[in-house]
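Presented below is the structure to which this report refers.
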There are 2 protein chains.
Amino acid sequence: MNETRRGQPEVPVAHHDARGRSDTRARIQEVAVALFAEQGYEKTSLREIAERLDVTKAALYYHFKSKEDIVRSLVEDYFGQVDALITWARAQPATAATRGEILRRYVGIVAEGDEVFRMLHQNQAAVTSLAAAKNRGELFRERMSSLIGLLTGPAAPLEERLRAAMALGGVSVGWMFFADQVPDRAELCAAVLSIATDIAEGGTLRV
Amino acid sequence: MNETRRGQPEVPVAHHDARGRSDTRARIQEVAVALFAEQGYEKTSLREIAERLDVTKAALYYHFKSKEDIVRSLVEDYFGQVDALITWARAQPATAATRGEILRRYVGIVAEGDEVFRMLHQNQAAVTSLAAAKNRGELFRERMSSLIGLLTGPAAPLEERLRAAMALGGVSVGWMFFADQVPDRAELCAAVLSIATDIAEGGTLRV
DNA sequence: GTCTATAGACGGATAGAC
DNA sequence: GTCTATCCGTCTATAGAC
């Protein structure tokens, strides 16, 4: 149960460098994402995170002011990228090329955010009710709504909006399901994008 | 959010029928699903469920042997239907008609299961780690894998399996996002199915 | 920056009366 | 079937030494 080093290939090895300086903060985030995604946010205690890092709970509080603060540092980064995408897209002409580019960037965000993205979707309820306090509105739904609007226009018919929603949803599920099963992420990325574009454009555009 | 007791987010009224018989068990399930979906499984305490029902925690333990048992009673029903679908599908010829029917039934299960389905997806991490004890393997991933296999054949190329996965994912997201926004559920159901079939068949079949 | 120790709160669960 | 009362565990978070 306590395999501090092993498993995911990218977990760093050293706790300290030669002078005793530590990158503990970043390592806390790494371990936290992994545990939150695996067991859930609430079920993961600070004690458990601390144990994996071979530090004590109190040390965590030096780097983060609360458990919620750890998750916030993770989530902000991801949603920040989505918000940036939305802002960018609103300044573009509503062309098919723009819609294609929105999907392309969205797939990029998902692919890059990977672990945080998975953690987020595994803990939607917990994360949403955390953020609800400061970040008003529904974290996921609001962004989803914006993206659908940008992919279809403000008052598109149901079928069209549905295609956009299913394209977005397909990206999430498709990526998360296959990300750790295929060797070539770039290939997966391209395939997901191609199908998502296909879905959104409703067969008028074939790649 | 709460359509069982329509109206505001308020407390149900009747505790007993005329003869003192109570449907407490069913009402516990209703309240639990709603709260779990809204705030998350772990964040919802038995005290809170009991309060909404105007009973005490101890009363809950008469009907369910544990908190986990409440969620299990909910989840079993849903996954039972999915498993039945998989069993049925395995006994069918691997034709396009069968694949279409798999999707049709899957959409039906999602549409009917609605609230439980939403609760499940809002608490994937929590629910998975609960069931892990008795129901070995990944609750979601394993079923997903089976369905993808049935929709594509055992050793289909990545793109084809990806289409299947994204069709399934699209159904979940599409339904959950629009279910409480459109007046006509049957219409939504048909539209989702149509698009999902479109996705899975990869443009060879147009509805 | 990290530790030990502990406060303070809350949760799940049980016993036994009615 | 439901209640009151209570036990025990675990958790977040803080105080203060080093």
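Nothing here was measured: the structure is a model prediction, and the numbers come from that model.
- The nearest whole Å value for the distance from the CG atom in B:Leu53 to the P atom in D:dG1 is 15 Å.
- Atom CD in A:Glu42 sits roughly 15 Å away from atom P in C:dC10 (whole-Å rounding).
- Judged by the 6.0 Å and 45° rule, A:Lys67 forms no cation-pi pair with A:Tyr61.
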Candidate pair B:Phe140 and A:Phe177, rule ring pair (Phe, Tyr, Trp, His ring centres under 6.0 Å), full reasoning = CA-CA 10 Å; B:Phe140 296 87; A:Phe177 190 80; over 10 Å; no
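- The CD-C1' distance, from A:Glu51 to C:dC3, rounds to 15 Å in whole Å.
- At least one donor-acceptor pair closer than 3.5 Å links the side chain of B:Thr98 to the backbone N or O of B:Pro93.
- Here B:Arg47 does not reach the OP1 or OP2 of C:dG12: none of its side-chain N or O atoms lies under 4.0 Å away.
- With rounding to whole Å, B:Asp54 atom CG is found 19 Å from D:dG1 atom P.
- At a cut-off of 3.5 Å, with distance as the only test, a side-chain donor of A:Glu48 or A:Gln39 sits close to an acceptor on the other residue.
- The nearest whole Å value for the distance from the OH atom in B:Tyr62 to the P atom in C:dA13 is 18 Å.
- Atoms CZ (A:Phe64) and C1' (C:dG1) sit 14 Å apart, rounded to a whole Å.
- B:Thr56 has no side-chain polar atom (N or O) that falls below the 4.0 Å cut-off from OP1 or OP2 of D:dT2.
- Checked against side-chain contact (heavy atoms from CB on, under 4.5 Å), A:Asp83 has the following partners two or more places apart in sequence or in another chain: A:Ile86, A:Arg143.
- Atom CG of A:Asp23 and atom C1' of C:dG1 are 13 Å apart (whole Å).
- Every side-chain contact (heavy atoms from CB on, under 4.5 Å) that A:Thr152 has, sequence neighbours left out, goes to A:Ile148, A:Ala156, A:Glu160, A:Arg161, A:Ala164.
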Would you tabulate the nitrogen or oxygen pairs shorter than 3.5 Å linking the protein to nucleotides 13-16 of chain D?
from	atom 1	to	atom 2	distance (Å)
D:dA13	OP2	A:Tyr61	OH	2.8
D:dA13	OP2	A:Lys67	N	2.9
D:dA13	O5'	A:Tyr61	OH	3.2
D:dA13	N6	A:Lys57	NZ	3.2

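- Atom pair B:Leu60:CG and C:dG12:P shows a separation of 10 Å (rounding to whole Å applied).
- In the model, A:Gln92 has no side-chain atom that pairs as donor or acceptor with a side-chain atom of A:Glu101 under 3.5 Å.
- Contact between the side-chain N/O atoms of A:Thr24 and the OP1/OP2 oxygens of C:dG1 is not found at any separation under 4.0 Å.
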